[in-house]
Amino acid sequence: MSLRSDNVTKGAERAPNRSLFYAMGYTKEELERPLIGVVSAHSEIVPGHFHLDKIAEAVKAGIRMAGGTPVLIPAIGVCDGIAMGHIGMKYSLASRELIADSVETMIMAHQLDGAVLIPNCDKIVPGMVMAAVRMDIPAVVCSGGPMLAGRYNGEKVSLSKLFEAVGAYKAGLIDEAGLESCETGACPGCGSCAGMYTANSMNCLCEAIGIALPGNGTIPAVSNRRYILAKHAGMAIMDMLNRGITARRIINEKSLRNALACDMALGCSTNSVLHLLAIAHEAGVSLDLSIFNEISAKVPNLCHLAPAGPTHIEDLDAAGGIPAVQAQLLSAGLLDGSALSVSGKTIAEVAKDAKNLDTGVIRPMDNPYSATGGLQILWGNIAPDGCVVKRSAVAPEMLVHTGPARVFDSEDSAIASIYAGQIRPGDVVVIRYEGPKGGPGMREMLNPTSALAGMKLDRSVALITDGRFSGASRGASIGHVSPEAADGGPIGLLREGDSITIDIPNASISADLTEEELAARRAAYVKPEPNVKSGWLARYARLVSSANTGAVLKTDPD
């Protein structure tokens with residue numbers, strides 16, 4: 001068969017190219033085989049990536065066993081937890097586009113025939129998948145796997161508990177020794193943080209969408225099964241290459257709808273909305289926010305993994321993992337079982353023998369946590385183009401809420417007010433100018449939401465932002481407000497004390513303001529100076545689109 005790598009390995013004209021391979025110790029025999037990129041985000045700054053060098057070696061072994069030549073290439077990755085609460089978080093979402101561009105660069109510049117993508121944490125997973133569907137090459141995702149849950153006061157916990165412990169400490173509910181005990185016990189080893197946060201959401205959804213093998217989202221990082229999975233991923237990419245199966249054969253409208261259904265059943269991070277929209281954009285599939293509510297109305301929420309509940313990804317794995325969830329959705333006619341996966345099997349074939357081994361972790365279809373999905377899109381005069389809430393992590397008493405706006409023009413000013421005890425039960429905290437353009441980079445608001453939870457205010461205080469939330473956030477945390485304040489959105493017109501009503505069951509969010517009042521405020525509005533005026537973040541701010549379209553980069557600035 002004709003290979004892309006023939007452009008660098010075949011013919012007399014490519015003697016100089018081959019010579020450079022020989023300089024690295026490749027043999028003539030290796031260059032006669034398909035060249036497969038092994039794209040590893042290994043580093044020593046991200047706990048989810050700390051062990052990816054070993055995963056990469058297992059993938060390379062699988063490629064060699066199946067007749068290919070593996071070529072290790074790097075990818076960057078930001079640890080959202082380490083970047084949280086300071087300027088570093090401005091780089092996190094923006095790095096997704098850098099990752100996609102750099103993976104495309106390395107694959108196309110060196111004419112590799114396919115890729116096994118080895119991410120694990122937040123933006124790295126969708127960034128790599130975006131590149132694969134953009135190029136439409138054979139590709140398999142093989143993540144590094146979730147961290148095991150930690151221990152604190154005799155309970156299983158994960159990173160979200162520690163962020164909440166900071167709020168509890170600030171409120172005087174625990175002492176310094178209690179905070180240190182949580183600090184040293186929450187994260188016991190390598191892997192993506194143990195709850196259904198963004199990293200694990202996207203790794204699970206890679207299974208659901210078919211671009212990863214079964215187990216990708218749930219097998220713990222420290223398990224021997226993770227390395228067996230990696231070897232099988234190396235074999236799978238060779239099978240895809242031999243069968244001519246590329247990323248867009250896997251990721252299409254059918255599989256994206258399947259992923260959305262699993263998203264709703266699992267109670268994934270609100271960030272999954274941004275990333276699925278971005279992946280759809282690269283795949284040439286039309287996907288808008290209304291589809292999320294359409295699917296949410298049909299698909300029940302079956303899992304309450306941390307931060308929504310006490311269970312963790314290791315528990316989901318023991319209960320049967322994503323195939324067990326898929327089997328239940330298939331039985332109810334909520335998935336298209338004909339969708340193809342990188343295993344060579346259809347989704348129906350993947351889930352055929354799966355069983356739910358723990359109904360306390362994966363509830364049966366006749367006893368869900370709620371009849372509707374884990375995410376909800378809201379619209380109203382604050383968010384004409386929509387916003388998103390993780391409904392499954394909202395206390396029942398906060399599903400409908402009216403309260404006075406407490407308005408802040410940055411996360412930093414909001415967290416200072418929260419820590420100072422200036423937020424009261426009933427308030428609606430509004431944080432603006434933190435969107436894709438305004439931030440820039442759409443910072444996650446885990447510090448404010450966790451502080452409110454740690455202070456026992458998550459059942460009485462709502463938070464609205466044109467920024468976004470970590471998958472570790474819980475409570476009435478409503479993000480991605482579009483249009484954002486920096487792009488003329490009405491969230492920028494709100495004032496201290498405005499009455500805001502949130503009605504999650506009816507998909508509504510509004511301020512008690514007339515159109516005339518909003519028009520008068522808009523006429524008097526003065527746009528603030530950009531937060532960042534130099535460096536690549538300034539360029540990103542000029543090119544990034546709105547959150548409701550996935551915060552992807554436009555071809556041309558406005």
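- Of the possible donor and acceptor atoms, one in the side chain of S296 sits under 3.5 Å from a partner among the backbone N and O of L375.
- Residues S470 and S473 have side chains that never bring a donor and an acceptor to within less than 3.5 angstrom of each other.
- When atom types are taken as modelled, the side chain of D288 and the backbone of S290 share a donor-acceptor pair closer than 3.5 angstrom.
- In the displayed structure, E104 atom CD is contacted under 6.0 Å by more than 12 heavy atoms of other residues, nucleotides or ligands.
- For K156, the NZ atom sits in a packed shell: over 12 heavy atoms of surrounding residues, nucleotides or ligands are nearer than 6.0 Å.
- Checked by atom type and distance alone, the side chain of E484 never pairs as donor or acceptor with a backbone atom of R432 at under 3.5 Å.
- When each of T465, D80, D412 is paired with R443, the side-chain hydrogen bond (donor to acceptor under 3.5 Å, both in side chains) condition holds for D412 and for no other.
- A donor-acceptor distance shorter than 3.5 angstrom exists from the side chain of N203 to the backbone of A199, with no hydrogens or angles considered.
- Counting only N and O atoms by type, the side chains of S370 and N301 include no donor and acceptor under 3.5 Å apart.
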Does the side-chain contact (heavy atoms from CB on, under 4.5 Å) test come out yes or no for L277 and I279, once each step is laid out?
-> CA-CA 6 Å; L277 288 169; I279 290 167; over 6 Å; no
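- Between the side chain of R459 and the main chain of A395, no donor-acceptor pair closer than 3.5 Å is present.
- Of the possible polar contacts, one joining the S201 side chain to the Y197 backbone as a donor-acceptor pair under 3.5 Å is found.
- Panel note: side chain E207, backbone A212; no donor-acceptor pair is recorded below 3.5 Å.
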Please test R406 against V428 for side-chain contact (heavy atoms from CB on, under 4.5 Å), starting from the C-alpha separation and ending with a verdict.
-> CA-CA 6 Å; R406 304 296 309 281; V428 178; over 6 Å; no
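- Counting non-hydrogen atoms of other residues, nucleotides and ligands closer than 6.0 Å to CD of E294 gives a total above 12.
- H304 and Y369 have parallel rings, their planes meeting at less than 30° on a 0 to 90° scale where 60° marks the start of perpendicular.
- Without hydrogens or angle criteria, N200 side chain to G195 main chain gives a donor-acceptor distance under 3.5 Å.
- Ion pair D336/R257 not flagged as a salt bridge, since none of the NZ, NE, NH1 or NH2 atoms sits closer than 4.0 Å to an Asp/Glu carboxylate oxygen.
- Between the side chain of Q328 and the main chain of R363, a donor-acceptor pair closer than 3.5 Å is present.
- Here the side chain of D101 pairs no donor or acceptor atom with the backbone of L98 at under 3.5 angstrom.
- Under the salt bridge (charged side-chain N to carboxylate O under 4.0 Å, His left out) criterion, E282 pairs with R134, sequence neighbours left out.
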